[in-house]
Amino acid sequence: SEMCIRDRFLFTLLLLLVCHIGYGQSIDSLFDEFECEQNVDYVKVSPFMMSLGKMFCKHEEGSEIIRKVKSMKVMDLGDCSASVKKRFSSKVSKLNRKGYEELMRINDGGEKVHILMKIRKDAIRELLVVCSGNDSCTLIQINGKFVKDDIDKLVSMETGKKNGRH
């Protein structure tokens, strides 16, 4: 009887652990689940392709930031059905954010944008942009080695373009 109680306890503990691990949706599983949906736009740029691309942008604006990018994935579900977008938004809400620090969060009329980052040894190793809502469903993952000043430069560069400066 004592053995049976201990076995049940261990089984329950193991089941709880498995459920907890399976709860959080990982970034990779999110890409894997939605990359083949009808009308999705998905681009994965491997480290090898990034190194080739870096050779062609030596003196372009923003090239010092581009050189710090190791790889990236972009997935846009903007042309997908409403049910796919709803499923994506649901999965995003269950996203496992362990290890990520929130850089910015925007909620504008049901459209949600989260910008997350993973930092290791004072360097941003991963940037994650997650947009979800009725119209906009986008996931962008950028791997590399950046410092916060790089992000500031990029934002000011883009802001300058929108305000007519180059």
Side-chain angles (χ1 to χ4, degrees), residues 17-37 39-51 53-54 57 61-163:
L17 181 65
V18 168
C19 289
H20 181 70
I21 289 170
Y23 172 75
Q25 181 88 26
S26 77
I27 300 302
D28 290 333
S29 64
L30 206 54
F31 276 110
D32 291 344
E33 182 173 343
F34 289 94
E35 69 182 293
C36 295
E37 286 290 341
N39 298 324
V40 76
D41 293 321
Y42 175 72
V43 178
K44 178 180 179 179
V45 184
S46 69
F48 176 73
M49 287 303 292
M50 280 303 299
S51 63
K54 290 172 192 176
C57 64
E61 184 179 28
S63 64
E64 68 276 356
I65 296 170
I66 292 170
R67 281 197 291 275
K68 296 179 179 187
V69 175
K70 181 181 173 193
S71 65
M72 67 187 306
K73 294 180 193 175
V74 178
M75 184 170 61
D76 181 24
L77 288 83
D79 294 333
C80 291
S81 67
S83 64
V84 170
K85 291 177 187 178
K86 187 175 181 178
R87 204 173 85 237
F88 177 81
S89 294
S90 172
K91 298 283 183 169
V92 162
S93 69
K94 296 174 185 154
L95 194 63
N96 183 353
R97 295 166 190 238
K98 187 175 182 185
Y100 287 96
E101 189 177 309
E102 190 169 71
L103 192 61
M104 187 182 300
R105 180 191 313 183
I106 302 165
N107 188 350
D108 183 24
E111 301 293 321
K112 296 176 184 157
V113 179
H114 295 270
I115 302 175
L116 308 168
M117 61 183 173
K118 268 190 183 175
I119 298 177
R120 202 168 53 239
K121 295 183 181 176
D122 295 330
I124 300 169
R125 303 306 302 225
E126 181 183 332
L127 267 177
L128 191 63
V129 181
V130 183
C131 305
S132 62
N134 301 332
D135 299 323
S136 171
C137 290
T138 307
L139 185 60
I140 303 169
Q141 181 185 43
I142 303 170
N143 292 302
K145 190 174 181 181
F146 315 94
V147 292
K148 290 185 180 180
D149 284 350
D150 295 328
I151 307 300
D152 293 339
K153 285 179 192 173
L154 191 61
V155 169
S156 64
M157 203 167 48
E158 288 303 311
T159 304
K161 284 181 185 175
K162 287 182 180 164
N163 294 329

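Excluded from the calculations below are hydrogen atoms, water molecules and symmetry mates; all remaining heavy atoms, backbone and side chain alike, are included. A quick note: this is a predicted structure, and the numbers were derived from the prediction, not measured. Just so you know, residue 1 is the first one in the sequence shown, and it goes up from there.
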**Asked** What distance do Y42 atom OH and F31 atom CZ have between them, rounded to the nearest 0.5 Å?
**Response** 6.0 Å

**Request:** Please report the C-alpha distance between L139 and E35 in whole Å, then the side-chain angles of each, then the deciding distance to 0.1 Å, and finally whether the side chain to side chain contact (heavy atoms under 4.5 Å, CB included) criterion is met.
**Result:** CA-CA 10 Å; L139 185 60; E35 69 182 293; over 6 Å; no

**Message:** Distance check, rounded to the nearest 0.5 Å: F88 atom CZ versus S93 atom OG?
**Reply:** 10.5 Å

**Request:** Report yes or no: does K85 contribute a side-chain atom to a donor-acceptor pair with the main-chain N or O of G78 at less than 3.5 Å?
**Result:** yes

**Prompt:** SG of C131 to CG of D108: how many Å apart, nearest 0.5 Å?
**Reply:** 11.5 Å

**Residues E33, R87: salt bridge by 4.0 Å N-O rule** = yes

**Fill in**
Residues pairing under ring-ring contact (aromatic ring centres under 6.0 Å, His included) where one sits in residues 103-153, two or more places apart or in two chains, turn out to be none

**Item:** Nearest-0.5 Å distance, CE of residue M117 to CG of residue L103
**Value:** 4.5 Å

**Asked** Does the S29 side chain pair with the main chain of S26, one donor and one acceptor, at a distance under 3.5 Å?
**Response** yes

**Prompt:** Taking all atoms of both residues into account, what is the closest heavy-atom pair of K91 and L30, and its distance?
**Reply:** CB-CD1, 3.5 Å

**Request:** Could you grab the distance from atom CE of M104 to atom CG of L116, nearest 0.5 Å is fine?
**Result:** 11.5 Å

**Asked** Taking E37 for the side chain and C80 for the main chain, is one N or O donor matched with an acceptor at less than 3.5 Å?
**Response** no

**Item:** Distance in Å, I106 CD1 paired with K112 NZ, rounded so as to fall on 0.5 Å steps
**Value:** 13.5 Å

**Fill in**
Minimal heavy-atom distance between S46 and S71, with the atoms involved, is C-CB, 4.2 Å

**Request:** Determine the minimum heavy-atom distance between N96 and K98, stating which atoms define it.
**Result:** OD1-N, 3.0 Å

Side-chain donor-acceptor contacts of residues 119-128 below 3.5 Å, not counting sequence neighbours, with atom names and distances?
{"unit_1": "R125", "atom_1": "NE", "unit_2": "G144", "atom_2": "O", "d": "3.2"}
{"unit_1": "E126", "atom_1": "OE1", "unit_2": "Y100", "atom_2": "OH", "d": "3.4"}
{"unit_1": "E126", "atom_1": "OE2", "unit_2": "Y100", "atom_2": "OH", "d": "2.5"}
{"unit_1": "E126", "atom_1": "OE2", "unit_2": "Q141", "atom_2": "NE2", "d": "3.0"}

**D32 CG: over 12 foreign heavy atoms closer than 6.0 Å** = yes

**Request:** Go through K145 and K68 one step at a time and tell me if the side chain to side chain contact (heavy atoms under 4.5 Å, CB included) criterion holds.
**Result:** CA-CA 6 Å; K145 190 174 181 181; K68 296 179 179 187; 5.5 Å; no

**Request:** Check D76 against V40 and note the closest heavy-atom contact, atom names and distance.
**Result:** O-CG2, 3.4 Å

**Residues V129, T138; criterion side chain to side chain contact (heavy atoms under 4.5 Å, CB included); working and verdict** = CA-CA 8 Å; V129 181; T138 307; over 6 Å; no

